[in-house]
Amino acid sequence: MTEYERSRTMPAQPEQIFDQAADVGRLDSWLPSALHVEPGRLPAVTVHEDRTDEDTAALLRAQPDQMRLEWGTRDQGSYAGWLQVAGIGSGASEVTVHLSFFEEGHDPGEQAVREALDSSLRRLEEQVRLRVDHPAG
């Protein structure tokens, strides 16, 4: 098993960040650009990965009371992950994303994963900033 974790401080309330992160219709706005989530009957979703051109049955669960989003493959148990939002005061929050790969062949490698996580956290912050600055959007 290989695990990766990245964190980023964002200038927004935890609820604002979590609401953006957990919005199934807007996941593509912050997930790595090579991943696309099609909601099914939640918590069931289908994840399309451009790198392998494969669709994978997955689960996505939001736990608003804990400001936590969890996901993972449904049948084969290839990977799992979570996103946790924590308020740190003064209108700022820390967002942590954690990924676990249970099969070596599914792990794209440390550099690729770290770049994807950093990019995803940056994109999530941009999306939150857009919604906070323009609440109707």
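Bear in mind that the values here come from a model prediction, so they are computed numbers and not experimental data. Side chains are part of it too, since the values below use all heavy atoms of this structure and drop only hydrogens, waters and symmetry mates. One-based numbering along the sequence shown.
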Side chain to side chain contact (heavy atoms under 4.5 Å, CB included) with D55: which residues, sequence neighbours excluded?
T46, H48
Taking atom CZ as the centre, does R114 end up with more than 12 heavy-atom neighbours from other residues, nucleotides or ligands that are less than 6.0 angstrom away?
yes
Within a strict 4.5 Å, meaning less than it, do heavy atoms of the [X] and [Y] side chains meet?
{"X": "L35", "Y": "V47", "result": "yes"}
{"X": "P108", "Y": "F101", "result": "yes"}
{"X": "D28", "Y": "H36", "result": "yes"}
{"X": "T73", "Y": "L59", "result": "no"}
{"X": "S29", "Y": "Q20", "result": "yes"}
{"X": "P32", "Y": "R123", "result": "no"}
{"X": "T56", "Y": "E49", "result": "no"}
{"X": "F18", "Y": "V128", "result": "no"}

Just checking, any donor-acceptor pair under 3.5 angstrom between side chains of S100 and E3?
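Short answer, yes.
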With no hydrogens and no angle check, do the side chains of D107 and Y4 hold a donor and an acceptor under 3.5 Å apart?
yes
Interatomic distance, [X] atom [atom1] to [Y] atom [atom2] [nearest 0.5 angstrom]:
{"X": "L69", "Y": "L60", "atom1": "CG", "atom2": "CG", "value": "5.0 Å"}
{"X": "L27", "Y": "W71", "atom1": "CG", "atom2": "CH2", "value": "9.5 Å"}
{"X": "H98", "Y": "R6", "atom1": "NE2", "atom2": "CZ", "value": "13.5 Å"}
{"X": "T9", "Y": "L121", "atom1": "OG1", "atom2": "CG", "value": "10.0 Å"}
{"X": "I17", "Y": "Q127", "atom1": "CD1", "atom2": "CD", "value": "13.0 Å"}

Smallest separation among heavy atoms of [X] and [Y], with atom names:
{"X": "R74", "Y": "A58", "result": "NE-O, 3.4 Å"}
{"X": "A21", "Y": "L83", "result": "CB-CD2, 4.0 Å"}
{"X": "S7", "Y": "E94", "result": "CB-OE2, 3.8 Å"}
{"X": "V24", "Y": "P39", "result": "CG1-CB, 3.4 Å"}

Spell out, as yes or no, whether a donor-acceptor pair under 3.5 Å connects the side chain of [X] to the backbone of [Y].
{"X": "Q84", "Y": "M67", "result": "yes"}
{"X": "S93", "Y": "A12", "result": "yes"}
{"X": "R131", "Y": "Q16", "result": "no"}
{"X": "S119", "Y": "E115", "result": "no"}

Looking at E125 and R8, does any basic side-chain N land under 4.0 Å from a carboxylate oxygen?
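A salt bridge is present here (some side-chain N lies under 4.0 Å from a carboxylate O).
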Determine, stepwise, if the pair T96 / E5 fulfils side chain to side chain contact (heavy atoms under 4.5 Å, CB included).
CA-CA 7 Å; T96 302; E5 189 170 292; 3.5 Å; yes
For R122 and E126, what are the C-alpha separation, side-chain angles and deciding distance, and is it a salt bridge (Lys or Arg N to Asp or Glu O under 4.0 Å)?
CA-CA 6 Å; R122 245 187 335 274; E126 290 167 7; 5.5 Å; no
Would L31 end up clustered with L42 when hydrophobic side chains under 4.5 Å apart are linked, directly or stepwise?
yes
Mark yes or no: R68 above the aromatic ring of W82, with NZ or CZ under 6.0 Å from the six-membered ring centre and no more than 45 degrees from the axis.
yes
